[in-house]
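Structure first, then comments.
Throughout, residue positions are numbered sequentially from 1 according to the sequence presented. As the structure lists them, so they are numbered: ligands from 1, and atoms in each ligand from 1.
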Amino acid sequence: MSLRIAEIFGPTIQGEGALIGEPTVFVRAGGCDYRCNWCDSLHAVDSQYRHSWAPMSAEAVWAQVRQLSGDRPLTVSLSGGNPAIQDFGTLIAMGRAAGYRFACETQGSIARPWFGDLDTLVLSPKPPSSGENVDWAGFEACRKLGSGARQQVMKIVIFDEADYQWAREAHARYSDLPLYLQPGNSEVDPATPVDLHALADRLGWLTDKAMADGWFAPRILPQLHVLIWGNKRGV
Ligand code: SF4
């Protein structure tokens, strides 16, 4: 069975969350069951880009990862879209046998047995500004199937006060999950320069708010790749 792959690129650094700064090759799956208002990966989500998603076997994806990494094991980041739509179990098994590590980021709407074979499962439920509703039963199923992963973490993008309050409730629900917050980037057009001052202001607002509230559980981080490359793809 072939995978639908929007892009494979790297090595570069992971720009956000628990693995920020870590060298990685990205495998971006095509297709998503969500349509977030501020999605920055529409080329891997919207069906109008479907023609550009390559049907690839797990072996072909693995060959490209090996070639990009020069056969030097590193972390492979499965992203999307929602990679959980597809079956990455074979790719993970091949990579892990060669000493590679695997991370996957998903919103937590679809649970997969291969979550348990990951090194890092990043569950990123979407706050109100996304326009999506989280199915917590699906999220719970992801947690269960991912129980064999070396670590599970939660990452939430924050745009406004409503998102912040929602993140606090999500954390209260899953206080055992290490939590990473990041200010949202509202400029998602790759051709438009990112307003770094607006991003810094949002990061400052989020940090000040959490500190004023005495909410010390989350780590609050910018998106490193946006600071370096803006919305450019494939870096
Ligand atoms: Fe985009 Fe992620 Fe939302 Fe899917 S879940 S639409 S990839 S932001």
Side-chain angles (χ1 to χ4, degrees), residues 3-9 14-20 24 26-54 76-88 103-112 115 118 120-143 146 152-160 162-164 166-167 170 174 177 179-192 194 199 202 221-226 230-235:
L3 298 161
R4 289 188 315 278
I5 302 298
E7 56 184 344
I8 303 174
F9 62 92
Q14 171 57 258
E16 54 195 49
L19 302 181
I20 192 166
T24 189
F26 280 91
V27 175
R28 190 184 295 284
C32 189
D33 46 324
Y34 277 19
R35 291 291 181 278
C36 299
N37 290 328
W38 31 253
C39 179
D40 60 0
S41 308
L42 275 179
H43 61 297
V45 170
D46 202 311
S47 56
Q48 69 170 302
Y49 299 100
R50 181 178 283 268
H51 65 275
S52 65
W53 303 342
V76 179
S77 297
L78 306 176
S79 69
N82 183 2
I85 287 177
Q86 306 189 57
D87 184 359
F88 281 98
C104 173
E105 175 164 338
T106 175
Q107 61 264 46
S109 55
I110 299 170
R112 286 286 190 173
F115 285 177
L118 294 164
T120 304
L121 174 61
V122 182
L123 294 166
S124 182
K126 304 307 178 195
S129 63
S130 70
E132 292 286 349
N133 285 314
V134 172
D135 165 17
W136 289 112
F139 191 89
E140 191 60 44
C142 291
R143 290 217 59 191
Q152 287 187 28
V153 301
M154 183 156 68
K155 191 191 78 180
I156 300 177
V157 177
I158 306 288
F159 278 86
D160 54 26
D163 287 355
Y164 176 85
W166 187 92
Y174 291 108
L177 280 178
L179 175 62
Y180 295 81
L181 301 181
Q182 71 187 36
N185 170 20
S186 48
E187 186 47 72
V188 295
D189 178 359
T192 307
V194 173
L199 278 180
R202 197 172 290 136
L221 295 171
Q223 287 178 298
L224 207 49
H225 55 291
V226 173
N231 287 324
K232 199 171 160 196
R233 285 180 197 153
V235 285

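The aromatic ring centroids of F159 and Y164 lie 6.0 Å or more from each other.
With sequence neighbours excluded, the residues that form a side-chain contact (heavy atoms from CB on, under 4.5 Å) with I5 are L3, I8, V27, M56, V61, F88. Not a single salt bridge (charged side-chain N to carboxylate O under 4.0 Å, His left out) links R4 to another residue, sequence neighbours left out. Remark: L221 pairs with I20, Y180 by the side-chain contact (heavy atoms from CB on, under 4.5 Å) rule, at least two apart or across chains.
Under 4.0 Å is where a charged nitrogen must lie from a carboxylate oxygen, and between R28 and E7 at least one such pair does. A salt bridge links K155 and E16; the closest N-O separation between the charged side-chain nitrogens and carboxylate oxygens is under 4.0 Å.
Below 4.0 Å from some heavy atom of G81 lie the following atoms of ligand 1, by number and element: 7 (S).
Taking 2.8 Å as the limit, the number of protein N, O or S atoms around atom 3 (Fe) of ligand 1 is 1.
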